2 protein chains.
Amino acid sequence: MEIPCPMRIATETMGGRWRPGILWRLMDGPMRYGELRRGMPWISEKILIRHLRDLEAAGLILRTDHGTQPPQVDYRLTEAGQTLGPVLTAMAAWGAGRSAAGAERLGA
Amino acid sequence: MEIPCPMRIATETMGGRWRPGILWRLMDGPMRYGELRRGMPWISEKILIRHLRDLEAAGLILRTDHGTQPPQVDYRLTEAGQTLGPVLTAMAAWGAGRSAAGAERLGA
DNA sequence: CTGTATCCCAAATGATACTG
DNA sequence: CAGTATCATTTGGGATACAG
């Protein structure tokens with residue numbers, strides 16, 4: 001029986017360039033596809049939808065199609081996804097701190 | 001002036017498939033190249049050394065060449081690298097928890 | 001609005017052999 | 001021991017057009 005590296009589990013599930021950003025945004029509650037899209041304009045549609053599917057397959061987010069016309073779909077964190085809260089919060093805080101530190105060095 | 005997404009800062013700096021694993025291992029103190037290598041046999045030498053160089057360039061780790069024969073080089077976290085502690089700890093804990101949950105479902 | 005389909009490029013990753 | 005060099009593969013990422 002193998003004891004895998006816990007970091008591997010983590011990076012393989014929530015790693016990838018954009019996944020933390022998506023999950024982080026969903027922490028505040030459900031968001032519609034378009035909201036996510038507008039919130040991260042630097043990701044192409046294809047990549048966004050792919051990450052959403054992957055995260056859904058990993059059981060971290062839940063996709064709800066309201067079956068209306070016009071279409072309305074929202075995404076939310078599952079319970080498993082919620083457990084990522086501490087990780088996402090820590091990452092975002094670190095990123096914010098690093099960006100502030102960088103701004104300082106530039107003479108702000 | 002732009003306020004970048006903090007998650008982007010974080011993922012671009014410490015993202016990448018193996019970087020969190022490397023940083024996490026260094027949290028316990030300096031490690032020699034060979035130790036790191038043996039600890040993560042699933043990474044090829046080339047990739048490991050590249051991540052080490054990248055992390056060094058990002059100011060997160062420090063490489064020390066003792067100039068001995070045979071060669072002896074160790075890597076340690078810089079102060080900036082230490083600030084990642086909470087992130088790494090949270091990630092590792094989450095990964096461990098997820099792997100345990102998986103084992104349960106398999107009937108352990 | 002919420003996606004799919006297609007084509008394309010670049011970066012990341014990897015196996016293996018070799019070097020100071 | 002601590003790396004480099006080389007070649008090949010895989011994955012990630014993206015623009016654009018189109019569809020239900």
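Nothing here was measured: the structure is a model prediction, and the numbers come from that model. Below, chains carry the letters A, B, ... as their sequence lines are ordered, and counting in each starts from 1.
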Grab the [atom1]-[atom2] distance between [X] and [N] for me, whole Å please.
| X | N | atom1 | atom2 | answer |
| --- | --- | --- | --- | --- |
| Asp74(B) | dC1(D) | CG | P | 15 Å |
| Gln72(B) | dA2(D) | CD | C1' | 11 Å |
| Leu48(B) | dT13(C) | CG | C1' | 13 Å |
| Asp65(A) | dG3(C) | CG | P | 7 Å |
| Leu52(B) | dC1(D) | CG | C1' | 14 Å |
| Met31(A) | dC1(C) | CE | C1' | 15 Å |
| Ile49(A) | dA5(C) | CD1 | P | 12 Å |
| Arg37(A) | dG3(C) | CZ | P | 12 Å |

Could you give the distance from [atom1] ([X]) to [atom2] ([Y]), rounded to the nearest 0.5 Å?
| X | Y | atom1 | atom2 | result |
| --- | --- | --- | --- | --- |
| Ile22(B) | Leu77(B) | CD1 | CG | 11.0 Å |
| Leu26(B) | Gln82(B) | CG | CD | 10.0 Å |
| Met27(B) | Thr89(B) | CE | OG1 | 4.0 Å |

Inset, instruction - May I ask you to verify if any side-chain N or O of Tyr33(B) is less than 4.0 angstrom from the OP1 or OP2 atom of dT4(D)? - result: no
Legend entry - dC1(D) phosphate, OP1 or OP2, under 4.0 Å from Arg32(B) side-chain N/O: no
Legend entry - Base versus backbone protein contacts along nucleotides 9-20 of chain D [heavy-atom cut-off under 4.0 Å; B, S, -]: ---SBBB----B
Inset, instruction - Decide whether Ile47(B) and Tyr33(B) are clustered together by the hydrophobic rule: side chain heavy atoms of Ile, Leu, Val, Met, Phe, Trp, Tyr closer than 4.5 Å, transitively. - result: yes
Inset, instruction - Indicate yes or no for a side-chain donor-acceptor contact from Arg25(B) to the backbone of Gly39(B) under 3.5 Å, with no hydrogens or angles considered. - result: yes
Legend entry - Arg37(A) side chain vs Ile43(A) backbone, donor-acceptor pair below 3.5 Å: yes
Legend entry - Trp18(A) versus Thr11(B), side-chain donor and acceptor atoms under 3.5 Å: no
Legend entry - Nucleotide of dG3(D), dG3(C), dC1(C) approaching Arg53(B) most closely (side-chain heavy atoms): dG3(D)
